[in-house]
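Worksheet: one structure, shown below.
Below, chain A is the first sequence line, B the second, and so on; all start at residue 1. These numbers come from a predicted model, not from an experiment. In what follows, every heavy atom counts, from backbone to side chain, and hydrogens, waters and symmetry copies are set aside.
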2 protein chains.
Amino acid sequence: MSELRGACIFGQSGGPTSVINASASGVFQEALKQDCITAVYGAAHGIKGILNEKFYDMGKEDIKELELLKTTPSSALGSVRYKLKKVEDDDTDYKRLLEVFKKYNIRYFFYNGGNDSMDTCNKISKYMQFVGYECRVMGVPKTIDNDLFGTDHCPGYASAARYIATSTMEIYQDARVYDTGMVTILEVMGRNAGWLTAATALASYKGAGPDLIYLPELPFDVEKFLADTKKIYVANKKVIIAVSEGAKTAQGKYIAETGSELDKDAFGHSQLGGTASILANMVKAVIGCKVRDIEFSLLQRCAAHVASATDVNESFMAGQVAVKSAVAGMSDYMVAFERAPGDEYKCEIKLIKLDEVANAEKTIPLEWINKEGNGVTEDFIKYALPLIQGDSCPPMEDGLPRFARLKKVLATK
Amino acid sequence: MSELRGACIFGQSGGPTSVINASASGVFQEALKQDCITAVYGAAHGIKGILNEKFYDMGKEDIKELELLKTTPSSALGSVRYKLKKVEDDDTDYKRLLEVFKKYNIRYFFYNGGNDSMDTCNKISKYMQFVGYECRVMGVPKTIDNDLFGTDHCPGYASAARYIATSTMEIYQDARVYDTGMVTILEVMGRNAGWLTAATALASYKGAGPDLIYLPELPFDVEKFLADTKKIYVANKKVIIAVSEGAKTAQGKYIAETGSELDKDAFGHSQLGGTASILANMVKAVIGCKVRDIEFSLLQRCAAHVASATDVNESFMAGQVAVKSAVAGMSDYMVAFERAPGDEYKCEIKLIKLDEVANAEKTIPLEWINKEGNGVTEDFIKYALPLIQGDSCPPMEDGLPRFARLKKVLATK
């Protein structure tokens, strides 16, 4: 494969994670080392930053700060939820991207995101091929939801899972303090995939987790839920329940939707929330006991202080591999993880065609859900436990995390 | 002072904290070393455990597990909210306590809690003196609210403050991800004292905290709040606001009460919550932008994984000093902290009469609140920053915290 000389640009897309910047760090540090990469740009707010010609010259950043990105949560460059139209319907954005790519001689495009972002990646790549502009495109996976097809797990998932499991263990201790009855309902992110909600089972594995876990993979049966809860309440007076924000009835109605009108985001996804609160009111009405609902809210995707070192390292590596592979001539792939066979956890990197991954969604295998539909099996624990290992030890300053401080020098031409 | 030989009993009371068990660890480990203490009991659910003659023989516990209590959140023995009646109104409970104390030859009573618990401590001590039963009584302070009189700060506060400041910094990163406008409202515990809400200012000090902070020390002016928010929103499109759950209007009505009917706890305190959610709806109506409300909920009092090492060590020491002082002949005191003069933080221990501390409440000095009433001054940062220093490094197992596992062998006679 012939050498391709030119600039590279990297963008972050979709909801942030604790480690999305670790991948950014991997991309930037690796790209800055490559002779054939003539400039390293970071797009402000993903694809929008390219369209608006707003991106930063990462070569102007202090290497120490780029290294600190590893433990800085959220999207340091800014993220975006922007859906490219189909090129056959409207090619305005594509033409503009080409114009910017040409102007800055951008020959490498790295995009970090989930399902929707891999679709964006794929569309851009196809367009560049169609117009004959040589450009290598690589997707770097990212999603706390862990729902990307073709990869054993996704960067960002493990850190969110570690936060959720740790917090659940702590809440378990707290919820047992008084000798009075109490039901605690934890609401966890994950619209269609129950990976995050299932992470509460790691706390149960350590003896301090929920009694009942309801994943969005199965229809949520309100009557069954109330009966399950009552049964445990009568026996133990304490019940801890984990429920996905995406819990929906057999008729396809979100529990959260029964509460209030919903906004939709740019992709037409419903903005969920309030599931635990609605269920808490039901339990209160039926059992008449004290009920507490807790939403892990944004913290589950940004609590870098408790990130998994395994996740941080793998996310960084995913960024590095994206660059190395593109430089070596690969294009149109997403970096993916494969678990090596055997009992000991080992993560190997592979590449998977963007065509295969874009818009596909990976949910929890149904055989990992127990017969009652209110918990997960040992298979899930075996899967998830290795991912949350290791303390990422974010650097501290004054007892608080020291996040990366980027200069964000705008690229000019 | 003559030696007093007999058993000791320790109880935990009120809302748990991340480090209440660190004080328990201090009491138990110190008491087990003392020759004049013939048995070391831990009361199940505080005073209720004594009344019901349900307490554990801590001598039967593994020392390693007692050491692990230092980093195990919540009340390992179980807590209680139980208000003793005035002895002149009803002395039933007092007589029962005396009976149990006599039966087990309990001569040392250590009680760990906040305002209400120090009152309980004081009442029991007075009664024992009145009936001529020799018993030394020591209060060990504990409250995330930091509102106990006579002590520079309270065990439990710093760890909650560290959690709140860290999480606020992380949310700050997350809330800046998109280039669209957003208002984020954080709801923090603290009914009448704003110490916890003010802890978000530590995040601002590190450049990643709220723009506006509303403490319960001042009346909450809804119109002013909306105007403050709008002003910052217009200028920056991003607003982060921290508000106390105890925010109330000049007329004394809790913001949270404007939303829904409230339960009251055993002390007649209103159970608050929903303040941020109610304010979020107001902001949405007035500004029309995206608003997110986040309750730190139970996690702020049980997130031991991010506890302050300073807090853990001081809480442990408070327990030790309570025992040492009682053995040395002191009674009717609460252990308290005094900050040594000078720029370098040094915490010294003193004793303060229970009479002085019981039911008094320490709020944030008004001169530490800015003129606008929507933030705190540098004085608060100087006060709080030293308290949150140090990582308590809780022992881990499988990537998750390893909490103490007590045998809880019931004491018998």
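Proximity to chain A (any heavy atom under 4.5 Å) is restricted, for B:Leu299, to the side chain, taken from C-beta onward. Neither the backbone nor the side chain of A:Tyr172 comes within contact range of chain B, judged by heavy atoms closer than 4.5 Å. If you measure heavy-atom distances from A:Leu202 to chain B, the contacts under 4.5 Å come from both the backbone and the side chain. B:Thr72 touches chain A through its side chain: at least one heavy atom from C-beta onward sits under 4.5 Å away, while N, CA, C and O do not. With a 4.5 Å cut-off on non-hydrogen atoms, B:Ser167 touches chain A through its backbone and its side chain both. Of the two parts of A:Ser297, only the side chain, counted from C-beta on, holds a non-hydrogen atom closer than 4.5 Å to a non-hydrogen atom of chain B. Looking at B:His305, the atoms closer than 4.5 Å to chain A (heavy atoms on both sides) sit in the backbone and in the side chain alike. In this structure, no portion of B:Gln12 lies under 4.5 Å from any heavy atom of chain A.
When the options A:Lys382, A:Lys206, A:Arg162 are evaluated for a salt bridge (charged side-chain N to carboxylate O under 4.0 Å, His left out) with B:Asp398, the one that passes is A:Lys206.
Contact of the A:Phe296 side chain with the A:Leu186 side chain is registered, since non-hydrogen atoms from C-beta on lie closer than 4.5 Å.
Applying the salt bridge (Lys or Arg N to Asp or Glu O under 4.0 Å) test to residues at least two apart or on different chains, the pairs with a partner in residues 69-80 of chain B are B:Glu67-B:Lys70.
In terms of non-hydrogen atom pairs under 4.5 Å with chain B, the most contact-rich of A:Pro73, A:Ser18, A:Gly78, A:Ala208 is A:Pro73. Across B:Arg405, B:Met169, B:Met396, the residue that shares the most heavy-atom pairs under 4.5 angstrom with chain A is B:Met169.
The ring-ring contact (aromatic ring centres under 6.0 Å, His included) check on A:Tyr205 picks up nothing, with sequence neighbours excluded.
Judged purely by atom type and a 3.5 angstrom limit, A:His45 has no side-chain atom pairing as donor or acceptor with the backbone of A:Ser13.
Salt bridge annotation for A:Arg301-B:Asp174: present, with a cationic side-chain nitrogen under 4.0 angstrom from a carboxylate oxygen. Between B:Arg402 and B:Glu65, at least one side-chain nitrogen of the basic residue sits less than 4.0 Å from a carboxylate oxygen of the acidic one, meeting the salt-bridge criterion.
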